[in-house]
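Written below as structure tokens is the structure these notes are about.
Here is the naming used below: chain letters follow the sequence lines, and residue numbers restart at 1 for every chain. Being a predicted model, the structure only gives us computed values, none of them experimental.
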Amino acid sequence: MAEYDPQTIEAKWQKVWEERRAFEADPDPAQRKYYVLEMLPYPSGTLHMGHMRNYTIGDAVARYKRMRGFNVLHPMGWDAFGLPAENAAIERGIHPREWTLANIAEFKRVCYRFGFSYDWRSEISTCEPEYYRWNQWFFLRMLERDLAYRKRSRLNWCPKCCTVLANEQVVDGCCWRHPDTPVEAKEIEQWFLRITRYSDELLDDMAQLEAGWPERVLVMQQNWIGKSRGARVRFGVAGNAAQGIEVFTTRIDTVYGATAIILAPEHPLVDGLVAGVPEHAEIAAQIARMRQKVLRPADLGTAEKEGIFLRRHAVNPFSGEKLPIWVGNFVLMEYGAGAVMCVPAHDQRDFEFCRKYGLPIRVVVQNPAGTLDAKTMQEAYDQHQEGKLVDSGAYTGLSVARAIERMAADAKARGFGEAQTTYRLKDWGISRQRYWGTPIPVMYCDRCGLVPVPDEQLPVVLPPGVKLTGQGQSPLASVPEFVNVKCAKCGGPARRETDTMDTFVDSSWYFYRYTDPHNAKAPFDREIVRYWFPIDQYIGGIVHAILHLLYSRFFCKVMRDLGLVNHAEPVTRLFCQGTVLMGGTAMSKSSGNVVGAIDMAEKVGCDTARLYTLFAAPPEKDMEWSEQSVEGCSRFLQRMFRIVTRHAERLRGVAVGNPASANAATASAKEKILLRKAHQTLRRVTQDFEARWHFNTSVALIMELVNELQAQEPLEQNARPAVVKEVIELMALMLAPMAPHIAEELWEMLGHSGGLGRARWPDYQPQLAAEEQVEVVIQVNGRVRGKILVEAGLPEDELAKRAQADARIAQVVAGRRIVKCIVVPDKLVNLVVESL
RNA sequence: GCGGAAGUGGCGGAACUGGCAGACGCGCAGGACUUAGGAUCCUGUGGCCGCAAGGCCGUGGGGGUUCAACUCCCUCCUUCCGCACCA
């Protein structure tokens, strides 16, 4: 008898699929569409099983949806620009393109070897001019709409990457790619995309995503945008009527309780304020020291608050009171106004600060009990809801909410402030001082200034022969043929921009390009996109919760404003799969705990590897890879193959479908057991695919079904061929999304030609799944004391009677009075009896 | 500090809406077939007591609601993740 040989079977079916173009999908209004997408991979080095989990989940869903009759778009492509390629190229003395293309070829080989059902016609590579010219095109559109601008500012510089990073790429004060390398502050002129223009929309549209996105992703994005409503208030400077200090506060109602003004160390007014004071030299030195002391962000929350009194005073515009001006290490220049009013009674940070430096504490919001006392309070009283204002001039007696409203309005009327909303979100810095990325399509002309490259001159192609040093200057600057260009406006000499774009620009819109990958006139055809979008199911790691997913949402909104798409959100449902661990840590090349994808395919076959990936844990959870446990899945497929092989011969010509099912009434007891098990399995596996996505239980259920088949051996004696065939077919069909090659092989062995491509997901038949007899548990006082087998659907009183009639139960009850009898039909009877 | 998720046998994990805790798989033990078995098949496998029938205990700890709690409520502990001087 032929043994299960995954190598042969898998190669055979991969070839068949390819020849039949089994996974190609085009827009077809007559069909329901389903766009399922796994996050675009960065093609680097070898692929391990950690990578494969993402694609295995996506492929199972894609195949299931096809069997459900959907027109399924399931594309794949390459996030091909980026630093690792450039660094690897420098190390090896080759061109980044060479390294990248080799990796793509390898990635593709692995995808093919795993039988993933991609439509390869959609394949894109972001490093090809055909693709990145549209990055440039989008950039120019943004430039036209003032969504792209150039600004000199303090930026995050990674000394290892030798480039600046976006705020989103800084994790715990370190480079996201180099967790041990703190970013440095560097003043550089660079390009920004004005994502902040969409702050409110990015926040508000999350309401549309609540149903389909993981809550934690939405929470992370919400935190990142960090909207805060408050007011800007201008305090005067004593002795200088012309000067003012602006502060941002969310609690303008507490302004009468302010006992100091605190500036960030870098605040531009600081130097001027201390210039004339007697102890000038000493104070300036202290400030210089504070400025130099860079705190690691992780320590910020716990660091000791420090302040320096500037020997100058501000004037509270509401009360006219003079307040000392301080510099404080806990005030951030980047947020709000870079200055705060210090209200110790109602802000915990201010409370600590004033305690340390002996500044007065003054209660201006009293609690409902009226017990707050500045002399005795141990912490700030910062309740927004319940307090009433006291000692606050004309505002005394107002509620906090009312006071905030009225005081902001008054500040505006009197010209020293107004309501203001601030955000934590900053504009997206996209310039990178590296080579392997999209050239930014602008030039600088001495006469005309900044000149955008005209559309018809796109793409600005990355020149091939560039010396890569990794030394932190844009490599493109050293290529005169690239840099020197004729001004597009005046024809005079001009210089090209030599920075390239952050690769997150590439991945912000790639899923649109998949639908129309070779369009030379536009980034994509609007009608095609209208058919496929929004993406029905996006699958990827939680790492991209902010970065990629926020940028993509931003791009989508820009594209909508450009009239390119008619939706505001690109992704309806998002699924974040868990990490694959090995020995408790994430599988990764740098940790040295990888299980190679190709190695697995060669050793046990990709069907086994895929099945195990789905079986070992629910997909959203982290899973531990265990070579030993993989064996279990391998054995399962072998067993299944053997059972089918044993019976294929006599089943091949048998007609299936309705005959067997329709005959269920006349089926033997053993046949009924098989059919019942099969349809119960089908019901639950279908549920798993539709609702829960718990493929681990789906696999377990199919294993149980195979166990049942085995238990009914010899099958030829226990069931008619039509019944056996129906059960085996159901089994093969249910397995098809998860282990597609063996499923095809079994399907063919059963006598089907044409492959599973035409097979539909079977409908489960409730009457076949229904149990005729059920085991009912009998409890006495909540403890299981017996079990009886009864016909399904017995009425409650009958069930209660039978339970009490049971000999063993009668013995346990032993004449005690039954106080209560709880019956759960078809499940359980609980007799509550008097205690002895 | 704030917010979120989770804690179940030796291990990965099941238990859908409060109704038999431990499905399925790994591992382990015993057996069958075999020259052989790291192949295959069968049986057993939460702990304790017992020859057995059976009994008691058991889902991080403690308390509660209920005829009945892994599931609901309170409280504490642990782990992981996110945010963190955001004014």
Pair assignment for [N], Watson-Crick or G-U wobble, requiring both distances under 3.5 Å:
| N | result |
| --- | --- |
| G3(B) | C81(B) |
| G46(B) | C57(B) |
| U34(B) | none |
| U17(B) | none |
| G25(B) | C11(B) |

Is the distance from OP1 or OP2 of [N] to the nearest side-chain N or O of [X] less than 4.0 Å?
| X | N | value |
| --- | --- | --- |
| Arg692(A) | A14(B) | no |
| Gln779(A) | C20(B) | no |
| Arg349(A) | C86(B) | yes |

With a non-hydrogen cut-off below 4.0 angstrom, is [X] in contact with a base, only sugar-phosphate, or nothing?
| X | value |
| --- | --- |
| Arg684(A) | nothing |
| Val832(A) | sugar-phosphate |
| Glu624(A) | nothing |
| Thr249(A) | sugar-phosphate |
| Asn696(A) | sugar-phosphate |
| Arg683(A) | nothing |
| Lys621(A) | sugar-phosphate |
| Glu352(A) | nothing |
| Arg229(A) | nothing |
| Glu775(A) | base |
| Asp350(A) | nothing |

_Within 6.0 Å of CZ in Arg684(A), more than 12 heavy atoms from elsewhere_ = no
[X] and [Y]: which non-hydrogen atoms are nearest, and at how many Å?
| X | Y | result |
| --- | --- | --- |
| Cys633(A) | Tyr612(A) | SG-CA, 3.6 Å |
| Pro214(A) | Cys576(A) | CG-SG, 4.2 Å |
| Leu611(A) | Ala739(A) | CD1-CB, 4.4 Å |

*Syn or anti for G13(B), taking syn as within 90° of 0?*
anti
*Before accepting this row, confirm whether a basic side-chain N of the pair Glu266(A)/Arg291(A) lies closer than 4.0 Å to the acidic partner's carboxylate O.*
no
_If you define the side chain from C-beta out and look only at heavy atoms, does anything of Asp350(A) sit under 4.5 Å from Leu359(A)?_
no
*Looking only at N and O atoms, is any donor in the side chain of Asn223(A) or the base of C83(B) less than 3.5 Å from an acceptor on the other one?*
no
*In whole Å, what separates the C1' atom of A53(B) from that of A14(B)?*
31 Å
